[in-house]
Every structure is written in structure tokens, then in C-alpha cells.
There are 2 protein chains.
Amino acid sequence: MRRDVFQAIADPTRRAILTLIALQAMTPNAIAEHFDSSRQAISKHIKILTECQLLRQEQTGREIYYHFNPRKIKEVDTWVEQFRTMWESRFDQLDELLKKQNLKNKES
Amino acid sequence: MRRDVFQAIADPTRRAILTLIALQAMTPNAIAEHFDSSRQAISKHIKILTECQLLRQEQTGREIYYHFNPRKIKEVDTWVEQFRTMWESRFDQLDELLKKQNLKNKES
DNA sequence: TATACATGCAACCAATCGGTTTCTCAAATT
DNA sequence: AATTTGAGAAACCGATTGGTTGCATGTATA
């Protein structure tokens, strides 16, 4: 049972659930109302998100409120981090770098 | 054929390929040497990464060099962005905020 | 206490995934 | 010209996925 964050956010429905829960903790029934799938299908998604700790439960009576855990989504950000400098260096910045190197070549 | 970036990076082998290619463009054979799977299995991963534009091809003779496309991985960053403020507001920062509010309450 | 409600779990199903082996094709090498 | 090499495509296979329906259980409510 591979249950890592990347596999969890691969599904668009699960990403939508996260966006929903991030705004406000909700019960499975309340979450399911936002989707066309059955309550059980949504419950399965919630289970997967909970198993990889993207959500945590808070039981009150017979209702279970699911809360979003920001720290876990940070793992994705950490992985993406290694590429950030690459898209931040735009073409014009690259051009500037090349110009400088040409200058340097001229000088030497 | 669902071919979005999130589904592409769900697989750990594909994430490793991206990390590899980000450093240097490589041919399928060169990539496959870094893994235990067969060349064809790696080729399938490359195909998926290419189809969602995380990689782009550059053919030279019979060899094909695969380049990393940073702009596409930015899509993941954009999605994660909506949660960033949530994990950046740590408990101590929240405590400070509460202290300030207490102060404000005292003053008023 | 009987009934309705909220939730989770199990069984089932078609589709997809990640891997393999085999084959084809074009380009390089001999 | 014959052979080797790099790469993609096809066929196949077991495991997993995402969905369904039906059932079990604990909690509120009439």
C-alpha cells in the first residue's frame, strides 16, 4: 500500500477535497455534497488523504470533522524547490548572463 | 489517457528521472542505466513525462536527448501556492499574534 | 425503545498502471 | 552490403485504482 503525498494528490478529486478542507474543516457528508460521486467514494478518498496525514480527524459525537494538515503538503513544496531556480531564471536573465560572458571574453 | 503533471510526478521513478534530467539532458539509454528496470520500462516513463510536457525531445542522429521543462513543473508550485501561507504561519507566530491582540485588548 | 442518521468497511468490477518480452525501424559502424 | 546500435510500439500480465452497492456499527432523536 503505497501511501505517499505525491500519489495522494495525483487524483483531481482529492486535490479538490484538500482545497475545500483547507478553507474549513468538514464532515464526510458535507464534503461529498460538493461532488457527483457517492459518499462512499469520497470516503475512500478521505481515507487515502488521512493515511498519508494530509488530513486529520476530530470526532465530535457521531460526526467526524476532517482538518487539513499544511505541514504535509510542504513535502511537495520541498521537492519542487529543487527546480525553482530553473524557472525563475527567465530567458532575459539568461541573455544578460550571456552578454556578461561575452564581455568577459572580449576583455580577456 | 489522463496525462496531467500531478499524475506524472506520482511515480517515484518518474520523479527521479526529472531530478536526473534537470541537471543534464540525457538519452533514454543513459537514463535507464541509473535504474534497475528495463530500458523499455524507462522509455514508457519518459513517454508519459514527455506527453505532459515535463520533458522535450531534441533529436541528433539516432539519439534523442531529453530536456527538462521547468515551466511545466511550475504548475505544481502554483497549486501548492494556495497552502503556503498556512504552513508558514507557525505556532509561535500565531502565539505572537495572539499576544499582540491581547495587548490591543488591554489598551482598548 | 424503536428509528433515523453519520460513518466506515467489504465485496465486486472495469479501467489503468508499471513492468516484462518481442518486434520493427532507422541510423551508425564494420 | 551486412551488422550493430538506439529508440519507439505492441502484446501481454499481475497489481492497483476509482467507482459502485450492500452491510455493520455507533450515536442522536422520536
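Here the structure is a predicted model, which is why all the values come from computation and not from measurement. Below, read A as the first sequence line, B as the second, and so on, with proteins coming before strands; counting in each chain starts at 1.
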Check your understanding: If we only count heavy atoms from C-beta on, is the A:Ile73 to A:Ile9 side-chain gap below 4.5 Å?
Key -> yes

Review point. Can a side chain N or O of B:Gln7 be found less than 4.0 Å away from OP1 or OP2 on C:dC17?
Key: yes

Review point. Do A:Asp77 and B:Val76 come close enough that some side-chain heavy atom pair is under 4.5 Å?
Key: no

**Study point:** Any B:Ser43 side-chain nitrogen or oxygen under 4.0 Å from OP1 or OP2 of D:dA7
**Key:** no

Review point. Rounded to the Å, how far apart are A:Leu49 CG and C:dG8 P?
Key: 12 Å

**Study point:** Base D:dG8 paired with B:Lys47 side chain (donor-acceptor, <3.5 Å)
**Key:** no

Practice item. To the nearest Å, give me how far apart CD1 (B:Ile64) and C1' (D:dG8) are. Key: 8 Å

**Study point:** Phosphate OP1/OP2 of C:dA6 contacted by A:Tyr66 side-chain N/O (<4.0 Å)
**Key:** no

Point to revise | Distance, rounded to the nearest Å, where B:Phe35 contributes CZ and C:dT20 contributes P | key: 13 Å

Practice item. Mind listing the residues from residues 22-33 of chain A sitting with a heavy atom below 4.0 Å of DNA chain C? Number order is fine. Key: A:Thr27, A:Pro28, A:Asn29

Study note, to complete from the structure: Among C:dT20, D:dT20, C:dT7, the one nearest any side-chain atom of A:Ala41 is D:dT20

Practice item. Heavy atoms under 4.0 Å is the rule here; annotate nucleotides 22-28 of chain D 5' to 3' with B where the base is hit, S where only the sugar-phosphate is, and - elsewhere. Key: B----BS

Exercise for review: Please state how far atom CD1 in A:Ile48 lies from atom C1' in D:dG18, giving the value in whole angstrom units.
Suggested key: 8 Å

Practice item. Without swapping roles, check the side chain of A:Asn69 against the backbone of A:Gln53 for a donor-acceptor pair under 3.5 Å. Key: yes

Review point. Where the side chain of A:Arg15 meets the backbone of A:Ala10, is there a donor-acceptor pair that is under 3.5 Å apart?
Key: yes

Exercise for review: Using the ring-ring contact (aromatic ring centres under 6.0 Å, His included) rule, collect all pairs that involve residues 39-74 of chain A, keeping only residues at least two apart or in two chains.
Suggested key: A:Phe68-B:Phe83

Check your understanding: Are any of A:Ser38's side-chain N or O atoms less than 4.0 Å away from OP1 or OP2 of D:dG19?
Key -> no

Review point. Does A:His45 place a side-chain N or O at less than 4.0 Å from the phosphate oxygens OP1/OP2 of D:dG19?
Key: yes

Practice item. Report the residues that fulfil salt bridge (charged side-chain N to carboxylate O under 4.0 Å, His left out) with A:Lys74, sequence neighbours left out, ordered by chain and then residue number. Key: none

Review point. Given atom CD1 of B:Ile46 and atom P of D:dG8, what is their separation to the nearest angstrom?
Key: 7 Å

Revision key, fill the gap. The complete set of ring-ring contact (aromatic ring centres under 6.0 Å, His included) pairs with one or both residues in residues 6-26 of chain B, sequence neighbours excluded, reads B:Phe6-B:Trp79

**Study point:** Partner set under salt bridge (charged side-chain N to carboxylate O under 4.0 Å, His left out) for A:Glu81, not counting sequence neighbours
**Key:** A:Arg84

**Study point:** Main-chain N/O of A:Asn29 paired with A:Arg39 side-chain donor or acceptor, under 3.5 Å
**Key:** no

Exercise for review: To the nearest Å, give me how far apart CD1 (A:Ile42) and P (D:dG18) are.
Suggested key: 12 Å

Exercise for review: Would you kindly give the CG-to-P distance between A:Asp4 and D:dT16, to the nearest whole Å?
Suggested key: 14 Å

Exercise for review: Give a yes or no on whether A:Gln24 atom CD has more than 12 heavy-atom contacts from other residues, nucleotides or ligands under 6.0 Å away.
Suggested key: no

Review point. What integer distance in Å separates A:Glu63:CD from C:dA4:C1'?
Key: 14 Å

